[in-house]
Undergrad: 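Structure provided below as structure tokens; questions to follow.
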Protein chains: 4
Amino acid sequence: MNEKKKNIIVTSIDLFADKGFYSTSIQEIADKSGVSKGAFYLHFHSKDELMLEIFKYYYNLMQENIENVIDEALSPKVNFTKQVEVQFHEILKHKSFILTQLKEQAFTLNKELYDFIRLKELETQKWYKKNLVSIYGGEIEPYIIDLQILFEGMKNNYFQVLIHGEVDIQISKLASFIVDRLDDIVAGLLTTKKEPMLTQEMVFSLFSDLTAPEELVKKEVMNNLLEMQKVLNDADFYEKTINELQGVIDFLISEVKKQDSKTFVIQGMLANFKGMHQFDQYRKVISEKLGIRIL
Amino acid sequence: MNEKKKNIIVTSIDLFADKGFYSTSIQEIADKSGVSKGAFYLHFHSKDELMLEIFKYYYNLMQENIENVIDEALSPKVNFTKQVEVQFHEILKHKSFILTQLKEQAFTLNKELYDFIRLKELETQKWYKKNLVSIYGGEIEPYIIDLQILFEGMKNNYFQVLIHGEVDIQISKLASFIVDRLDDIVAGLLTTKKEPMLTQEMVFSLFSDLTAPEELVKKEVMNNLLEMQKVLNDADFYEKTINELQGVIDFLISEVKKQDSKTFVIQGMLANFKGMHQFDQYRKVISEKLGIRIL
Amino acid sequence: MNEKKKNIIVTSIDLFADKGFYSTSIQEIADKSGVSKGAFYLHFHSKDELMLEIFKYYYNLMQENIENVIDEALSPKVNFTKQVEVQFHEILKHKSFILTQLKEQAFTLNKELYDFIRLKELETQKWYKKNLVSIYGGEIEPYIIDLQILFEGMKNNYFQVLIHGEVDIQISKLASFIVDRLDDIVAGLLTTKKEPMLTQEMVFSLFSDLTAPEELVKKEVMNNLLEMQKVLNDADFYEKTINELQGVIDFLISEVKKQDSKTFVIQGMLANFKGMHQFDQYRKVISEKLGIRIL
Amino acid sequence: MNEKKKNIIVTSIDLFADKGFYSTSIQEIADKSGVSKGAFYLHFHSKDELMLEIFKYYYNLMQENIENVIDEALSPKVNFTKQVEVQFHEILKHKSFILTQLKEQAFTLNKELYDFIRLKELETQKWYKKNLVSIYGGEIEPYIIDLQILFEGMKNNYFQVLIHGEVDIQISKLASFIVDRLDDIVAGLLTTKKEPMLTQEMVFSLFSDLTAPEELVKKEVMNNLLEMQKVLNDADFYEKTINELQGVIDFLISEVKKQDSKTFVIQGMLANFKGMHQFDQYRKVISEKLGIRIL
DNA sequence: CATGAATGAGGTTTCATTCAT
DNA sequence: TATGAATGAAACCTCATTCAT
């Protein structure tokens, strides 16, 4: 992303956290970002769009960092704990971005942002499911939603403390502390066999109103493809290879554009980039978004 | 409180929850409350003050309901659970008052509101301490802050679900469910004897900047006394009694006004209302606020 | 005049002088006058009308006091000086009513007030003419307007000082001091025989636009007649006399109402009240207003 | 000054004169000035500030014109008369700026404006003193305050006539007419040797509450220095000279900023600009403000 | 690409005036 | 006659957004 745009995003995160979305003026954002008010509008069409971009930026950053920390050699629980720890660190680094706070405020903004957040919540659910099952085994499946809610609640509340207060908490310990609490809870649940509060079915219905979540996914995949396009242009391949890959990308783009694009087609076409490290990242990201395997 | 004023408060809670504080105009509030814009300002001096009043109203209501549900005959845990359940019910009843959302937004507002919330947080801490110790015994004292954070996190996150979603949760079960999770956590903590994340000392420093919390307490006590005054005026006592009690109230008011009012003086004077059930509530509330015993 | 009404007038004079017409709210006026906002409107139809009434009240008061101080036995100059002194005293007594200030502000108000002030200016001119001629003789007639402007300027500027400042001026001396300055000026003018700046003709044209000043005069005379009516009702005459005088008043009223009422008719009819001291004041006032002799 | 800003000032002077400060809305000012409401606030932070700027603008203009008319070759009285004449002309030119009206209304406005006017009154006093003494000699010193009040009163009252009325006065004659009246008064005073009404000591006490008038003076001097800075930037000097003068300005600025800046230091440093006509005006103005000689 | 002056809709708040009681 | 709650027009001011330069 454009360096200046990133700068505006990072600066406005601070400002929004400090004074709230409505109490922060574009003028202030521009001033503190070292750009003119006019320039701001070169990067964002509106204040609302800035908000959307902030979320995109933030979620991507989080996701990236969380994934980077995974070490397949280690146990699921250790990995999960490390990922939680990263989240705490990340929060502290930006300190300012009070996820939960902004999320609530954001809900009153435009629909696009609303849907984006919902989408991310869906992804987060998958992430929890994957992790929780691999840590605690399949028998906790019925409790997955409750565990997620309980865990996120505990985690977010510590976030709040970290953000507001000047308390001196050792984050490395904090992450494992709350994961241990999750252990406690899982132990309790499996022992007592109480019925869950929320089932996956109940929750999915919450997202049913999410109009065409695929549309949003597609939009993002499209962006990934366009970035691949750029990478290809800058890459130092044989002309023949370039032409070939160009064809692949074009095909992918047209496939994604289709009303009823087939994931297995995309899955296959992406395999064409195997062995070209420049595209590894994209293959991974796209695969995850579409829920397909990397061939 | 004035019926119309209450109506405005209730209506604006809905609106703020729907569209946020800044996106809701006074005009809308007035329209939906069935009063004119001018009438709004008869009840509130500003939009900010409305916000403050909303919080006061909400916290008072909560507190009242929570206290009413206590049944000394039952176990501490059952009482605690019932109180949590009441909170869930209350949340659902107003549905609209999204605790966290408003709380966070409020931080960008004026200092008076900020301080009010801080004060209530302090009171909440005491409430947790009292309950947790009586449920789990003195040995969990070191973990009290952590338990509060963990529990509130879990609880709030279920709040969110309740508020946003159309999920069909049985609240009566929910309360005991999350209290059971607290059981799990306590069990885990007491078993592993892990060191706490946050101690009471660390947290108290967070409130040290709270300028003269006593001032706020005094203000509230003063209001209680004024209400007692009214009750006295309406009460059906012998004239002699009235005059006597009038003197007591006058004395109390002047004592509270003093720079260095002595709590034991107030404690003693309040005893004068013993046996007059009309004032029981006030004696209790004031005693709690000032941290004194009811004689 | 109604006691309460007078009270409102006096109070609002203070307030207007303090904070200006627009910065003083009806609420303040009502509060400080010890009446309700509603009651205010029982006495005045609008804030503007209050202003008008203030002027009427003030000018009448001034005029009355000024006239009361006249002692025919003394020289014209001494009488003039005494009248000026009374004005200073009056100003200081109300301190608040800053004639010039309010006059200017008033010009932006409604036409009725504007015309009223113009009318009073006309009367003031006559007053100056009468006094100046009797003090300095007919030869200063050409300078009368200039002398009035010069003198009022000097006088008003000392008013300002008296009002604003905490200066310790002996008013008794001040009046004669500025009249002495008038002496100086007259002496200078008569010596140098410089041509006047403004003539009476030039100035009269200024008032030509004053739409039907007679209308205003008539209105006031009508009020005087109505007051006479009241006096008659309360008077302790023989019934026959009462009936007779009633007829006179009715006749006068209908005459005044006429488009082209003849002053000599009024002059004659007023003579019917000769010897009845209760009506002396009215005969005088009306005669002056219409510029007729008292028979 | 910015052309557009000046335009707003001039336009609003008219409007305020017409309808008064409070009855003129920003919308009207904007409309008549040919700018948008928003643009108004680019130039002025508030309506009050506009008022302040109007006064500054007007007083500066007056002062400048008054000073420009001075011809050292002529007698003090002739110069004084010419200056008075300029004031009349200026009044007529703006016609609209009704000195007294605005002055009085202003007193209900904010403190900054109030102080500004007081400061200017102080300066005006000095101006009268200087002129009167040089015209009439030292022996009138005891009467200076009285003479000022008397003269301003006469002058202002003719202002009123000029502003309101459509009277056809020859201003050139008017100025010498009222100065002649001053002659009359002085002659009278010196002959009768009456004691003065007001002494300078009595009056100075009126300004004692004026908090740190030097602060205001300093602020103005600082503005002058900043303007000199600009002039220097645009001037066509040798680089060496520029650097030197830059140093002088910097030094002056830091000296003025000091709590106890010494006037003689400023006096000396200003001499550095001798012979550079671009700065003559500034040297003069600053010297007058600080009451120092031009070396 | 970059600027910042300009716009004007829309927000909060005040207050003269009315009117049911 | 007296009250004061209620009204709503109109004021001041802010700020997201545009656009000529």
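Chain naming here is simple, since letters A, B, ... match the order of the sequence lines and numbering starts at 1 in each.
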Undergrad: Can a cation-pi geometry be assigned to C/Lys6 and C/Tyr57, taking NZ or CZ under 6.0 Å from the six-membered ring centre and within 45° of the ring axis?
TA: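 Negative - C/Lys6 is either too far from the ring of C/Tyr57 or too far off its axis.
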Undergrad: Distance-only, no hydrogens or angles: does the D/Glu28 side chain make a donor-acceptor pair with backbone N or O of D/Ser25 under 3.5 Å?
TA: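 Yes.
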Undergrad: Compare the minimum distances between each of F/dT3, E/dG4, E/dA6 and the side chain of D/Leu42, then state the nucleotide with the smallest one.
TA: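 Closest nucleotide among those given: E/dA6.
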Undergrad: If the test is side chain to side chain contact (heavy atoms under 4.5 Å, CB included), which one of B/Asn7, B/Ile8, B/Ile9, B/Val35 qualifies with B/His43?
TA: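 That would be B/Ile8; it is the only one of B/Asn7, B/Ile8, B/Ile9, B/Val35 passing the side chain to side chain contact (heavy atoms under 4.5 Å, CB included) with B/His43.
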Undergrad: Looking at side-chain heavy atoms only, is the closest gap between B/Phe21 and B/Asp48 below 4.5 Å?
TA: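 Counting from C-beta outward, B/Phe21 and B/Asp48 do come under 4.5 Å.
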Undergrad: More 5' along DNA chain F: D/Thr24 or C/Phe40, using each one's nearest nucleotide?
TA: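 Nearest-nucleotide comparison on DNA chain F picks C/Phe40.
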Undergrad: If I take atom CD in residue B/Glu3 and atom C1' in nucleotide F/dA5, what distance separates them, rounded to the nearest angstrom?
TA: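 These atoms are roughly 16 Å apart.
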Undergrad: Looking at F/dT14, I'd like to know if its phosphate oxygens (OP1 or OP2) sit under 4.0 Å from a side-chain N or O belonging to D/Lys37.
TA: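 So the side-chain polar atoms of D/Lys37 never come under 4.0 Å of the phosphate oxygens OP1 or OP2 of F/dT14.
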Undergrad: Find the distance C/Gln27:CD to E/dT13:P and express it as a whole number of Å.
TA: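 The distance from CD of C/Gln27 to P of E/dT13 comes to 19 Å, rounded to the nearest Å.
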Undergrad: How many whole angstroms separate atom CD of B/Glu49 from atom C1' of E/dT13?
TA: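 Roughly 13 Å, once rounded to whole Å.
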Undergrad: Can you identify which nucleotide, out of E/dT7, F/dA6, E/dA16, has its nearest atom closest to the C/Ser25 side chain?
TA: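 Nearest listed nucleotide: E/dA16.
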Undergrad: Of the options F/dT14, E/dT14, F/dT17, whose atoms approach the side-chain atoms of B/Tyr41 most closely?
TA: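 The answer is E/dT14, which lies nearest to the side chain.
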Undergrad: What integer distance in Å separates A/Phe21:CZ from F/dT14:P?
TA: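 It is 19 Å, rounded to the nearest whole Å.
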Undergrad: If we call it a pair only when both distances are under 3.5 Å in a Watson-Crick or G-U wobble match, what pairs with E/dT21?
TA: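 Partner of E/dT21: F/dA2.
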Undergrad: Once you round it to whole Å, what is the distance between P of E/dC1 and CD1 of A/Ile8?
TA: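 Result: 13 Å.
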Undergrad: The side chain of C/Ala39 is closest to which nucleotide in this list: F/dT17, F/dT3, E/dA6?
TA: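 My answer, after comparing the listed nucleotides, is F/dT3.
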Undergrad: Which comes earlier along DNA chain E counting from the 5' end, the contact point of C/Ile26 or that of B/Glu28, where each point is its nearest nucleotide?
TA: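 Nearest nucleotide further toward 5': that of B/Glu28.
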Undergrad: Between P on F/dC13 and CG on D/Leu50, what's the gap in Å once rounded to a whole number?
TA: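 Distance check: D/Leu50 CG to F/dC13 P gives 10 Å.
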Undergrad: Could you state the atom-to-atom distance from NE2 of C/His45 to P of E/dT18 in whole Å?
TA: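 So the two atoms are 9 Å apart, to the nearest Å.
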Undergrad: Whole Å only: how far is the CE atom of C/Met51 from the P atom of E/dA16?
TA: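 Those two atoms, CE and P, are 13 Å apart.
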Undergrad: Quick one: does B/Leu52's side chain get under 4.5 Å of B/Phe44's, heavy atoms only?
TA: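 Result no, sub-4.5 Å side-chain heavy-atom pair not found.
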Undergrad: Within less than 4.0 Å of OP1 or OP2 of F/dT1, is there a side-chain N or O belonging to C/Lys4?
TA: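 For F/dT1, OP1/OP2 do not have a side-chain N/O of C/Lys4 under 4.0 Å.
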Undergrad: Both D/Gly38 and A/His43 contact DNA chain E. Which one's nearest nucleotide lies toward the 5' end?
TA: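 Looking at DNA chain E, the more 5' nearest nucleotide goes with A/His43.
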